[in-house]
Amino acid sequence: MTKDTQTTNAQPVNEREQKALEIAARTKLTRKGDVWIVPSQSGPKTYKVNPDPESPRCTCPDFEFRQQRCKHIYAVEIVLQREVTVSNDGTRTVTETVTVKRKYTQDWANYNKAQTNERAHFLSFLYELCSGIEEPVQTFGRPRLPLSDIIFSATFRTYSTVSGRRFVSELRDALAKGYLSKMPSYNSIFDYLKMESLTPYLKYLITESATPLKPIETAFAVDSSGFSTTRFVRWFDVKYGNTEDWHDWIKMHLTCGVTTHVVTSVELSSARMHDSPYFKPLIEQTAKAGFTMKEIVADKGYISGDNLQTVVDHGATPYIPFKTNTTGKSGSELWTKLFHYYSFKREEFLTHYHKRSNVETTFSMIKAKFRERLRCKTETAQVNEALCKVLCHNLCVVIQSMYELGVEPQFRVEAA
């Protein structure tokens, strides 16, 4: 028989302690002498924890970076604090004293309103954005669909997450409501996604869709993530001598606001491109859109003198951690100043750097709602499909902010 008790007046646990509760409850921690073997939550790895009360240590990257208690150390301490008693009849009772407190309170009333009215607002806002697209001059060839109809249809299909054939009925409804001037076939949508000329228009609309949140967002996070495709690449496993087929993917680099998770700039690249070269164009696009930047947060993969200078040139403070083998003797005054700040005011630095987790939340939101796999087969079409996902995400964020933050969306209808 197991009896759980919960205290009510204790100090609230932090995020790492909450994750430690899950580790202690769902995984098996093994003790070898003074060292505990703790499984990783994100993969098959294990970490070694020495729960010395004076100086606890762990081999995980989080502890090596912060030199403070990580979730694995907290998990071991939770296990050690369990009180185990055995009654006369052999019944074993485990008592745990745990406090779990939510970090935030969801505004359920406005959240429900935003979700139940999202589709109607989405179509209205998407139509408003597309109406600002100037139709390019066509000098020869078969007359094509208006560009505004193409982008509206492709983005709306991405939002619906259904197949092209099943989406036809949605197009009929949109045509009847005046959102389309002509009825496209489902094959036409796929054909137009292969156009390279569509990419700059989608990037422009992504930036424009974020502009209603300019008064709110002043801190931004940069990161990248992969979206799998329908193509396969052959991989030879050197260790085991096997040949495997893996899904290929493309990498999305983006900048997002840490308050609402709106995407302010985005770039696409092949799977194995480095992240750092994309930092400067992402920041410059965000600045060009008119956002006031005060903080820019990114992981250590973006650390370079040029990237730090780019942030400072736009009036913001960079919070990018330095690598372990970095010294402050690069010759740059800015590099040395930020390195000393990172080294000697680590606790203050981490309070800002913690905002970087919001960009991971942004990728999670996009993939969970609009799926992480790209259906198109050509590279250009995959890039445009990924951009459509980001545009859908931004419009949903604006709708959510409209109800929860009182934002009144007004998009610029300048010719794209």
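Keep in mind that this is a model prediction, so the values were computed, not measured.
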Between [X] and [Y], is any pair of side-chain heavy atoms under 4.5 Å apart?
{"X": "Tyr204", "Y": "Leu129", "answer": "no"}
{"X": "Tyr47", "Y": "Pro61", "answer": "yes"}
{"X": "Cys396", "Y": "Phe370", "answer": "yes"}
{"X": "Trp335", "Y": "Ile303", "answer": "yes"}
{"X": "Ser228", "Y": "Asp248", "answer": "no"}
{"X": "Glu217", "Y": "Thr264", "answer": "no"}
{"X": "Leu338", "Y": "Phe322", "answer": "yes"}
{"X": "Leu387", "Y": "Leu391", "answer": "no"}

Which heavy atom of [X] sits nearest to which heavy atom of [Y], and what is that distance?
{"X": "Ser225", "Y": "Lys367", "answer": "OG-NZ, 2.6 Å"}
{"X": "Ser269", "Y": "Tyr278", "answer": "CB-OH, 3.0 Å"}
{"X": "Thr286", "Y": "Met293", "answer": "CG2-SD, 3.9 Å"}
{"X": "Phe156", "Y": "Leu126", "answer": "N-CD2, 4.1 Å"}
{"X": "Leu145", "Y": "Ile150", "answer": "O-CD1, 3.6 Å"}
{"X": "Ser148", "Y": "Ile133", "answer": "CA-CD1, 4.4 Å"}

Using 0.5 Å steps for rounding, measure from the [atom1] atom of [X] to the [atom2] atom of [Y].
{"X": "Leu80", "Y": "Leu29", "atom1": "CG", "atom2": "CG", "result": "9.0 Å"}
{"X": "Cys58", "Y": "Trp36", "atom1": "SG", "atom2": "CH2", "result": "13.5 Å"}
{"X": "Leu268", "Y": "Met252", "atom1": "CG", "atom2": "CE", "result": "5.0 Å"}
{"X": "Thr158", "Y": "Arg375", "atom1": "OG1", "atom2": "CZ", "result": "8.5 Å"}
{"X": "His261", "Y": "Leu213", "atom1": "NE2", "atom2": "CG", "result": "12.0 Å"}
{"X": "Tyr403", "Y": "Asn112", "atom1": "OH", "atom2": "CG", "result": "11.5 Å"}

May I ask you to say whether [X] pairs ionically with [Y], meaning some side-chain N is under 4.0 Å from a carboxylate O?
{"X": "Arg69", "Y": "Glu17", "value": "no"}
{"X": "Lys369", "Y": "Glu118", "value": "yes"}
{"X": "Glu360", "Y": "Arg356", "value": "yes"}
{"X": "Arg57", "Y": "Glu64", "value": "no"}

Counting distance only, does the side-chain N/O of [X] pair as donor-acceptor with the main-chain N or O of [Y] below 3.5 Å?
{"X": "Arg371", "Y": "Ile366", "result": "no"}
{"X": "Thr326", "Y": "Lys323", "result": "yes"}
{"X": "Asn384", "Y": "Leu193", "result": "yes"}
{"X": "Gln382", "Y": "Cys376", "result": "yes"}
{"X": "Thr361", "Y": "Ser357", "result": "yes"}

Pair [X]-[Y], side-chain donor/acceptor within less than 3.5 Å:
{"X": "Thr218", "Y": "Glu295", "answer": "no"}
{"X": "Asp275", "Y": "Ser224", "answer": "yes"}
{"X": "Ser304", "Y": "Asn307", "answer": "yes"}
{"X": "Gln400", "Y": "Tyr111", "answer": "no"}

**Asked** Does the ring of Tyr159 carry Arg157 above it, NZ/CZ under 6.0 angstrom from centre and within 45° of its axis?
**Response** no
**Asked** Run the side chain to side chain donor-acceptor pair (under 3.5 Å) check on Thr255 and Ser265 step by step: do they pass?
**Response** CA-CA 5 Å; Thr255 305; Ser265 57; 3.2 Å; yes
**Request:** Check Lys251, Lys203, His253 against Glu267 for a side-chain hydrogen bond (donor to acceptor under 3.5 Å, both in side chains) and give me the one that passes.
**Result:** Lys203
Take atom [atom1] in [X]; do more than 12 heavy atoms of anything else shown fall under 6.0 Å from it?
{"X": "Arg166", "atom1": "CZ", "value": "no"}
{"X": "Asn187", "atom1": "CG", "value": "yes"}
{"X": "Glu379", "atom1": "CD", "value": "no"}
{"X": "Lys113", "atom1": "NZ", "value": "no"}
{"X": "Glu22", "atom1": "CD", "value": "yes"}
{"X": "Lys345", "atom1": "NZ", "value": "no"}
{"X": "His274", "atom1": "NE2", "value": "no"}
{"X": "Tyr127", "atom1": "OH", "value": "no"}

**Request:** Taking the six-membered ring for Trp and the full ring for Phe, Tyr or His, determine whether the centres of Phe167 and Tyr186 are under 6.0 Å apart.
**Result:** no
**Asked** side chain to side chain contact (heavy atoms under 4.5 Å, CB included) between Phe291 and Ile216: does it pass, once the steps are laid out?
**Response** CA-CA 9 Å; Phe291 284 89; Ile216 297 174; over 6 Å; no
**Message:** Pair Tyr353, Tyr319 - check ring pair (Phe, Tyr, Trp, His ring centres under 6.0 Å), show working.
**Reply:** CA-CA 6 Å; Tyr353 180 72; Tyr319 293 95; 8.9 Å; no
**Message:** Set out, in order, the CA-CA distance, both residues' side-chain angles and the distance that settles side chain to side chain contact (heavy atoms under 4.5 Å, CB included) for Ser401 and Val397, then state yes or no.
**Reply:** CA-CA 6 Å; Ser401 301; Val397 168; 4.2 Å; yes
**Prompt:** After noting the C-alpha distance and the side-chain angles of Phe122 and Cys392, does the key distance pass the side chain to side chain contact (heavy atoms under 4.5 Å, CB included) rule?
**Reply:** CA-CA 8 Å; Phe122 179 89; Cys392 291; 3.8 Å; yes
**Message:** Walk me through whether Thr46 and Val38 qualify under side chain to side chain contact (heavy atoms under 4.5 Å, CB included).
**Reply:** CA-CA 5 Å; Thr46 57; Val38 182; over 6 Å; no
**Request:** Go through the steps to decide whether Lys71 and Gln18 satisfy the test side chain to side chain donor-acceptor pair (under 3.5 Å), and finish with yes or no.
**Result:** CA-CA 8 Å; Lys71 60 185 179 181; Gln18 293 178 15; over 6 Å; no
